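Take a look at the structure set out below.
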Amino acid sequence: MTTRVIIVDDQAMVRAGFAALLAAQSDIDVVGDAPDGVRGVELSRRTHPDVVLMDVRMPEMDGLEAARHLLDPPPGVVHRPKVLMLTTFDVDDYVYEALRAGASGFLLKDAPPADLISAVRVVAAGEALLAPSVTRRLIADFARQRPAPRKDRTALRLNGLTPRETEVLELIARGLSNQEIADALVLAEQTVKTHIGRVLAKLELRDRAQAVIFAYESGLVSPGVN
């Protein structure tokens, strides 16, 4: 099955380079590109891509606002692509907000070509592109800049989790990989994946990225506490 991709970036060289690289893959079809968020949203509405590569900082409409338009569309619009944010910074407040809005992760623009190709495939498959090291940096950023967790109805949703599922969610929020969670809880890695799937389903979260944010905003985990 071919993955349909559009590239939204204000730098023509970046769009051309990414398009050439991705189009060379037999399982990826680049169906268009746009220089800003406004035209990126319009292009997505017309072409219905599976994945949108979205620059964070652009004129007219930045990547954050464009991601919000795509991931929370108005009534009557049913297409919701996966959004992969592109950035020149490994920790960026815009990226944090994009993850809250439902983006599937982010990729550094200077990442190796193989990482870009892999990122598109990972996101298209429904997974979050949020490596443990990235998770830890986001947590550090959260600790520096975010207000105290909101222990309201968000926290009440935790009551639907089993004790084991709660443990798994906490370890995800600590930045552990699936294998590290398996080692910590003495479980098979496949069992951990099953628990993660149930956590996401019960909490109505899109992916691992939103699970990390939920854990902090619900008060399950406190930044800086190990």
Side-chain angles (χ1 to χ4, degrees), residues 54 56 63-64 67-68 71-72 80 82-87 89-108 111 115 118-119 122-123 125-185 187 189 191-226:
M54 181 77 73
V56 171
L64 173 57
R68 286 177 176 147
L71 296 168
D72 187 19
R80 297 188 187 189
K82 302 293 195 309
V83 176
L84 178 60
M85 306 302 296
L86 300 171
T87 180
F89 306 98
D90 59 357
V91 175
D92 190 304
D93 195 52
Y94 277 77
V95 174
Y96 175 90
E97 295 297 338
L99 293 175
R100 288 194 73 228
S104 294
F106 71 94
L107 183 72
L108 295 178
D115 286 2
S118 175
V122 166
V123 170
E127 299 294 328
L129 188 74
L130 198 60
S133 60
V134 173
T135 306
R136 294 181 183 114
R137 288 198 294 273
L138 284 173
I139 289 169
D141 183 56
F142 187 104
R144 288 195 305 271
Q145 302 184 32
R146 300 294 146 192
R150 296 179 291 107
K151 297 183 180 180
D152 51 15
R153 63 181 182 179
T154 301
L156 295 178
R157 290 163 62 189
L158 289 170
N159 294 338
L161 301 182
T162 66
R164 178 63 83 191
E165 289 164 355
T166 302
E167 285 182 300
V168 169
L169 175 58
E170 181 176 351
L171 293 177
I172 290 173
R174 297 293 184 199
L176 273 65
S177 67
N178 288 356
Q179 186 57 61
E180 289 170 335
I181 294 173
D183 292 342
L185 300 180
L187 298 171
E189 186 173 0
T191 301
V192 170
K193 291 180 180 178
T194 298
H195 283 309
I196 292 174
R198 289 173 179 165
V199 167
L200 297 180
K202 287 183 177 182
L203 298 178
E204 299 179 340
L205 303 173
R206 286 171 59 109
D207 51 38
R208 195 185 194 98
Q210 288 200 322
V212 172
I213 292 169
F214 178 92
Y216 280 84
E217 293 193 333
S218 68
L220 174 66
V221 178
S222 299
V225 178
N226 296 318

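Along the sequence shown, residues carry numbers from 1. What you see is a predicted model; the values in this text were computed from it and never measured. Because only heavy atoms are used, hydrogens play no part in the values below, and waters and symmetry mates are left out as well, while side chains stay in.
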Given side chains that start at C-beta, do those of [X] and [Y] come closer than 4.5 Å, heavy atoms only?
X: L161; Y: L203; answer: yes
X: L187; Y: R164; answer: yes
X: L220; Y: F214; answer: no
X: L185; Y: V168; answer: yes
X: E165; Y: L169; answer: no
X: L171; Y: V192; answer: no
X: V199; Y: I172; answer: no
X: L86; Y: V56; answer: no

Can you name the nearest heavy-atom pair linking [X] to [Y], along with the distance?
X: L71; Y: A103; result: CD1-N, 3.4 Å
X: V83; Y: A67; result: CG1-CB, 4.2 Å
X: S104; Y: V123; result: CB-CG1, 3.8 Å

Distance, nearest 0.5 Å, that separates [atom1] of [X] from [atom2] of [Y]:
X: M85; Y: L107; atom1: CE; atom2: CG; value: 11.5 Å
X: N178; Y: D183; atom1: CG; atom2: CG; value: 11.0 Å
X: R198; Y: K193; atom1: CZ; atom2: NZ; value: 15.0 Å
X: T166; Y: H195; atom1: OG1; atom2: NE2; value: 11.0 Å

